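Written out below as structure tokens is the structure these notes cover.
Residue numbering restarts at 1 for every chain, and letters A, B, ... go by the order of the sequence lines. Atom set for the values below is all heavy atoms of this structure, side chains included, hydrogens, waters and symmetry mates excluded. Computed from a prediction, not measured in an experiment: that's the story for all the values here.
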Amino acid sequence: MNQVTGTPTIKRGMAQMQKGGVIMDVINAEQAKIAEQAGAVAVMALERVPSDIRAMGGVARMADPTIIEQVMNAVTIPVMAKARIGHIVEARILESMGVDYIDESEVLTPADEQYHLLKDEFTVPFVCGCRDLGEALRRIGEGASMLRTKGEPGTGNIVEAVRHMRKVNEQIRQITTKSKDELMTFAKEISAPYELVLQIKQLGKLPVVNFAAGGVATPADAALMMQLGADGVFVGSGIFKSQNPEKFAKAIVQATCYFDDYPRLAELSKGLGDAMKGIEISTLVPSERMQERGW
Amino acid sequence: MAYQLESNHIKQIGILNLQGAVSEHITMLNHMGNIHVSLVQHPQQLATLDGLIIPGGESTTISRLIKQNGLLTPIQQFAQQGKGILGTCAGLVLCGKATTHSEVELLNLMDICVERNGFGRQINSFETQLDIPNIGQHIPAVFIRAPYIAKAGENVQQLAFVDQHCIMAQQNNILVCAFHPELTNDNCIMQYFVDLC
């Protein structure tokens with residue numbers, strides 16, 4: 001019978017299969033294998049993890065396709081890769097390589113300061129960052145099939161991830177308690193497409209999966225984000241910048257699954273060694289805050 | 001009296017809640033009525049169940065969590081008692097006895113060998129409709145990085161095919177499909193499973 005590819009059900013469904021899981025940043029095949037062994041649901045192939053991008057400065061771009069290919073050949077779990085915001089060609093290159101998901105990411109230097117990708121036009125699904133519901137719904141309006149709250153990448157500091165997850169969920173609750181005649185004005189206030197605001201009113205939740213990202217450094221951080229309503233977590237620098245990546249990776253996978261089992265969380269947090277060092281957010285000047293990128 | 005008769009027929013269905021599309025199964029089962037749905041993260045939660053669903057997700061991840069958390073033997077015993085098991089996508093992989101990639105430790109509940117990601121990567125994922133004898137016609141089916149059954153033993157009933165690959169099968173109380181009924185509004189496959197339990 002007739003087979004159709006690239007439908008919203010297929011693109012969003014792929015993210016639904018990732019729920020309750022951990023997506024890990026990796027920079028080579030060896031790290032990808034460690035992530036897969038530890039139980040990652042997917043890996044994000046990139047040239048440098050966010051904390052190194054931060055440290056090195058300069059323009060951060062899509063990874064060398066060689067790295068992405070090596071990662072794709074090394075593991076059987078899905079492979080994601082990052083394209084710059086608005087960079088149509090980087091995204092098309094990644095799609096042509098058969099990458100399973102593209103992250104249109106503020107971790108890379110934006111290619112377009114006004115427009116994001118029209119993600120509806122692609123067969124490959126996209127994940128995008130958000131700090132509030134307006135940003136989340138604009139990205140869905142463009143065709144994002146999955147969201148992640150942005151946090152502040154490469155800091156190992158969970159505070160921004162918490163702020164963004166709380167904000168998105170608070171605004172969803174606001175919509176559910178508003179009467180229908182208040183929704184157009186609310187849509188205007190948060191700069192969101194009206195139809196998607198109506199859909200939230202009807203569903204009581206986002207129409208796509210929403211992970212937490214940007215600052216997860218410990219099993220407890222991952223469990224915290226799950227308790228705040230994340231569908232899963234992205235861990236960027238938190239694993240391979242820790243003292244013992246294998247242990248951290250495995251413990252964060254367990255913590256994401258058993259996020260409200262405190263004796264178990266205590267057990268699996270023992271003796272992991274040092275987490276990544278981390279950065280206090282107030283020491284970052286606004287131009288160093290990756291979360292500000294995106295429109 | 002009528003009330004009691006009905007309550008006797010409430011099926012207890014659990015969903016393995018380690019990773020994957022769990023809430024989608026809950027929603028579908030809740031719509032069907034006469035089913036009590038619960039989540040399974042610990043071996044003791046299997047005790048009262050008539051059936052267990054192993055949902056779609058990442059088979060490598062779910063297999064590690066099954067093993068690390070002492071669920072491997074309890075699930076195998078649950079199946080040996082003749083209780084119903086439904087495996088969708090990753091769940092199908094896990095029910096098998098062998099797979100093309102060794103990263104996954106299988107439950108070995110069914111005499112099938114599985115080709116993981118048999119239809120390719122995400123860009124090759126597809127939707128179609130299936131006609132399945134004794135279950136229904138034009139059933140919507142969503143295949144996401146789906147596996148297929150490359151080899152099946154004599155006691156396995158092969159129920160449906162796509163491109164000559166077997167994508168749904170049954171061995172007594174174990175039912176597996178490579179696609180995701182829980183991502184559609186059609187509950188006929190779920191009903192077929194609940195009737196098995």
Discussion item. Ring-plane angle category for B:Phe143 and B:Phe179, please: parallel below 30°, perpendicular beyond 60°, tilted otherwise.
Written reply: tilted
Discussion item. Counting heavy-atom pairs closer than 4.5 Å to chain B, which one of A:Val124, A:Thr9, A:Asp261, A:Thr256 comes out on top?
Written reply: A:Thr9
Discussion item. Side chains of B:Gln12 and B:Ser38 only: does a donor on one sit below 3.5 Å from an acceptor on the other?
Written reply: no
Worksheet item: With a 4.5 Å heavy-atom cut-off, do A:Val127 and A:Phe234 have their side chains touching?
Response: yes
Practice prompt. Only one of A:Leu196, A:Asn169, A:Leu206 passes side-chain contact (heavy atoms from CB on, under 4.5 Å) with A:Leu133; say which it is.
Written response: A:Leu206
Discussion item. Between B:His180, B:Gln41, B:Gln68, B:Arg145, who has the most heavy-atom pairs with chain A when the cutoff is under 4.5 Å?
Written reply: B:Arg145
Item to complete: Tell me, yes or no, whether the heavy-atom count around A:Ile88 atom CD1, taken from other residues, nucleotides or ligands under 6.0 Å, exceeds 12.
Response: no
Worksheet item: chain A: which of B:Glu24, B:Glu58, B:Glu127 shares the most heavy-atom pairs with it under 4.5 Å?
Response: B:Glu127
Worksheet entry | Polar contact flag, side-chain donor to acceptor under 3.5 angstrom, B:Gln191-B:Asp195 | yes
Discussion item. Counting only non-hydrogen atoms closer than 4.5 Å, does A:Asp231 touch chain B with its backbone (N, CA, C, O), its side chain (CB onward), both, or neither?
Written reply: neither
Worksheet item: A:Cys257, A:Gly98, A:Pro78: which one forms the most heavy-atom pairs within less than 4.5 Å of chain B?
Response: A:Pro78
Discussion item. Taking side chain as everything from C-beta outward and backbone as N, CA, C, O, which of these in B:Arg121 sits under 4.5 Å from a heavy atom of chain A? Side chain, backbone, both or neither.
Written reply: both
Item to complete: Give, as side chain, backbone, both or neither, the part of A:Arg12 having an atom under 4.5 angstrom from any heavy atom of chain B.
Response: neither
Worksheet item: Is it the side chain or the backbone of A:Val22 that comes within 4.5 Å of chain B heavy atoms, both, or neither?
Response: neither
Worksheet item: Quick one: of A:Asp100, A:Val209, A:Thr123, who has the most non-hydrogen atom pairs under 4.5 Å with chain B?
Response: A:Asp100
Worksheet item: Do the side chain of B:Glu182 and the main chain of B:Met28 share a donor and acceptor less than 3.5 angstrom apart?
Response: no
Discussion item. Only pairs of heavy atoms separated by less than 4.5 Å count here; which of A:Val253, A:Thr7, A:Val99 has the most with chain B?
Written reply: A:Thr7
Worksheet entry | Contact class of A:Ala38 relative to chain B, heavy atoms under 4.5 angstrom | backbone
Practice prompt. Taking B:Lys11 for its side chain and B:Cys197 for its backbone only, find out whether a donor-acceptor pair lies under 3.5 Å.
Written response: yes
Worksheet, complete the sentence: The interface call for B:Ser59 against chain A, heavy-atom contacts under 4.5 Å, is neither
Worksheet item: For the candidates B:Gly57, B:Gly20, B:Ala21, B:Ser23, which exhibits the highest count of non-hydrogen atom pairs separated by less than 4.5 Å from chain A?
Response: B:Gly20
Fill in: Point-to-point distance, once rounded to the nearest 0.5 Å, from CE of A:Met14 to CD1 of A:Ile10
12.0 Å
Worksheet item: What residue, out of B:Thr184, B:Ile62, B:Asp163, B:Asn17, has the most heavy-atom pairs lying under 4.5 Å from chain A?
Response: B:Asp163
